[in-house]
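Have a look at the structure below, then the notes.
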Amino acid sequence: MSFSGRVKEELAAHVSAARHCQLAELAALLLYNGGVCDGEKHLCLDTENEAVARKCFTLLKKTFNIETVMQGKERLIPDDEAERRVTEALYLAREKDGKIVLTKTVNSLLIKNSCCARAWLRGAFLSVGSMSDPEKSYHLEFVCEGKVQAVQLQEVLLEFQIEARITGRKKYQIVYLKEGAGIVDLLNVMGAHVSLMELENMRILKEMRNSINRRVNCETANISKTVTAAGRQIEDILLIRDRYGLENLPDNLRQMAEIRLEYPDAALKELGGYLEPVVGKSGVNHRLRRLSEIADKIRS
């Protein structure tokens, strides 16, 4: 099962204790998966997602004590009175002719409390959310039917200091997160704590690997730079020896040239330790630069 699937399984098993939170989550499930049938006079559930259907039935049982059995796109609640109670509790309007009006957004009264907003986000992710494999990239998104729906979702996320962006994709509006920290925060808000810990472990391992790779690359670059510089220094010293003579150099430069030839792979600090008296890294660098200048004069 994918990571996104495991998150949904965990959310599907999470049922709030408070009835107002259960109503908020049920509102999300019907907002994104609900429909009308029988001349638009009855509620139905239009989804192939078993987790969503199972959660919807569980919440209807807990909040209204309604037993539901649905096969295909059929009427969700067989009893008219029970259906009326559901539509009123979820603020779904009924017209004079009895038709049900499904809104594009949830009524703000249902998610005015922080706990209810968390439950509503849980239902939204179950319905239209998905997440990429964290081993490859960080990307979580909600697929909304329209801009007003996407904006409401974005605003609810912002109430928890989670900044999401909106983009268009064909006929849909996508609310998405691309930062690992924001996704972790959202999993925490929705109550997916097992998935959160799994994601955090992945993030730690990924950051460790990236850190090690950066360090190895840096050290490799430094070694390459040191080897290149040493090769150029030895080339200069050999030119001076053959065309000018090391014995004609000042004592400090002659000693530096001989030490570099003797220890071609040594770093500057190490070279300074071989000199008499010992010279620091900057002093060694200064002497090697003097030798390079002499070599350039000979070449010219």
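- No option in L249, L239, L246 other than L249 meets the side-chain contact (heavy atoms from CB on, under 4.5 Å) test with L291.
- Partners of D296 according to the salt bridge (charged side-chain N to carboxylate O under 4.0 Å, His left out) rule, which considers only residues two or more places apart in sequence or in another chain, are R299.
- Sorted pairs that involve residues 8-53 and meet ring-ring contact (aromatic ring centres under 6.0 Å, His included), not counting sequence neighbours, are lacking altogether.
- Here the closest heavy-atom approach between residue L11 and residue A192 is recorded as CD2-CB, 3.8 Å.
- In this model, a donor atom of one side chain and an acceptor atom of the other lie less than 3.5 Å apart for K61 and N65.
- In this structure, the side chains of D185 and Q161 stay at 4.5 Å or more apart for every pair of heavy atoms.
- Looking only at side-chain heavy atoms (C-beta outward), L31 and Q149 come within less than 4.5 Å of each other.
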Original post:
Would L121 and E25 satisfy side chain to side chain contact (heavy atoms under 4.5 Å, CB included), going step by step from the backbone distance to the final call?
Top reply: CA-CA 7 Å; L121 287 171; E25 186 169 358; over 6 Å; no

Side-chain donor-acceptor contacts of residues 129-141 below 3.5 Å, not counting sequence neighbours, with atom names and distances?
residue	atom	partner	partner atom	Å
S132	OG	S137	O	3.0
S132	OG	S137	OG	3.4
S132	OG	H139	N	3.2
S132	OG	H139	O	3.4
D133	OD1	E135	N	3.0
H139	ND1	K178	NZ	3.2
H139	NE2	E141	OE1	2.8
E141	OE1	R169	NH2	2.9
E141	OE2	R169	NH1	2.9

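- Taking every heavy atom of both residues into account, L23 and L90 meet most closely at O-CD2, 3.5 Å.
- Residues A51 and L126 come closest through the heavy atom pair CB-CD2, 4.4 Å.
- Side-chain contact between R6 and E198: present, with at least one pair of heavy atoms (C-beta onward) separated by less than 4.5 Å.
- Atom CE in M256 sits 7.0 Å away from atom CD1 in I259 (nearest 0.5 Å).
- Between F57 and L76 the shortest side-chain heavy-atom distance falls below 4.5 Å.
- Taking the side chain as every heavy atom from C-beta outward, R84 and E81 approach each other to under 4.5 Å.
- Between atom CG of residue L187 and atom CZ of residue F125 there is a gap of 7.0 Å, rounded to the nearest 0.5 Å.
- Identified under the ring-ring contact (aromatic ring centres under 6.0 Å, His included) test for residues 232-263, with sequence neighbours left out: Y263-Y274.
- Hydrophobic clustering places V52 together with V15 (ILVMFWY residues linked when any side-chain heavy atoms are closer than 4.5 Å, directly or through intermediates).
- The main-chain N or O of M197 is found under 3.5 Å from a side-chain atom of N201 such that the two form a donor-acceptor pair.
- Among residue pairs with one or both ends in residues 280-300, none qualify as ring-ring contact (aromatic ring centres under 6.0 Å, His included); sequence neighbours excluded.
- Here T105 pairs with V148, Q152 under the side-chain contact (heavy atoms from CB on, under 4.5 Å) rule; sequence neighbours left out.
- The 12-atom threshold is not exceeded at CZ of R165, counting heavy atoms of other residues, nucleotides or ligands nearer than 6.0 Å.
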Subject >> side chain to side chain contact (heavy atoms under 4.5 Å, CB included) assessment of T103 paired with Y91 >> reply: CA-CA 9 Å; T103 58; Y91 298 96; over 6 Å; no

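- Judged by distance alone, with hydrogens and angles left aside, the side-chain atoms of S292 form no donor-acceptor pair with the main-chain N or O of L288 at under 3.5 Å.
- Rounded to the nearest 0.5 angstrom, R254 CZ and R287 CZ are separated by 11.0 Å.
- Every pair tested for ring-ring contact (aromatic ring centres under 6.0 Å, His included) that includes a residue from residues 205-243 fails, sequence neighbours excluded, so the list is empty.
- The hydrophobic clustering, which links ILVMFWY residues whose side-chain heavy atoms are closer than 4.5 Å, places Y176 and V184 apart.
- With sequence neighbours left out, the side chain to side chain donor-acceptor pair (under 3.5 Å) criterion links R260 to Q233.
- One distance of note links CD of E258 with CG of L275; it measures 10.5 Å at 0.5 Å rounding.
- Residue C56 comes nearest to L45 through the heavy atom pair CB-CD2, 4.0 Å, listed as atom of the first residue, atom of the second, then distance.
- With a 4.5 Å cut-off on side-chain heavy atoms, Q154 and L158 do not count as touching.
- Looking at heavy atoms from C-beta onward, V194 lies out of side-chain contact with V7 at the 4.5 angstrom threshold.
- Nearest heavy atom pair, residue V175 against residue C144, reads CG2-SG, 4.1 Å.
- Atom CD of E293 is surrounded by more than 12 heavy atoms from other residues, nucleotides or ligands within 6.0 Å.
- I174 and F142 are not part of a single hydrophobic cluster, where members link through side-chain heavy atoms under 4.5 Å apart.
- When the side chains of ILVMFWY residues are joined at heavy-atom separations under 4.5 Å, either directly or via intervening members, L26 and I66 end up in a single hydrophobic cluster.
- Applying the salt bridge (charged side-chain N to carboxylate O under 4.0 Å, His left out) test to D242 and every residue at least two apart in sequence or in another chain returns nothing.
- No more than 12 heavy atoms of other residues, nucleotides or ligands shown are found within 6.0 angstrom of CD on E163.
- The neighbour count for R243 CZ, taken as heavy atoms of other residues, nucleotides or ligands under 6.0 Å away, does not exceed 12.
- To the nearest 0.5 Å, the span separating CG on L30 from CG on D46 amounts to 11.5 Å.
- A side-chain donor-acceptor contact under 3.5 Å links T47 to the backbone of N49.
- Between the side chain of E40 and the backbone N or O of I100 there is no donor-acceptor pair closer than 3.5 Å.
- Residues L29 and L102 share a single hydrophobic cluster, defined by chaining ILVMFWY side chains whose heavy atoms lie under 4.5 Å apart.
- Under the side-chain contact (heavy atoms from CB on, under 4.5 Å) test applied with L92, the options L43, N107, V36 reduce to a single match, L43.
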List the atom pairs, donor and acceptor, that lie under 3.5 Å between side-chain atoms in residues 109-120 and the rest of the protein, sequence neighbours left out.
none

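- Under 3.5 Å, the side chains of E10 and S195 contain a donor-acceptor pair of N or O atoms.
- Remark: K104 pairs with E145 by the side chain to side chain donor-acceptor pair (under 3.5 Å) rule, at least two apart or across chains.
- In terms of the side chain to side chain donor-acceptor pair (under 3.5 Å) criterion, Q173 has no residue partners (sequence neighbours excluded).
- Shown here for I77 and E83, the closest heavy-atom pair between the two residues is CG2-N, 3.8 Å.
- Few gaps surround CD on E200; more than 12 heavy atoms of other groups in view lie less than 6.0 Å from it.
- With rounding to the nearest 0.5 Å, the separation of CG in L253 from CG in N248 is 12.0 Å.
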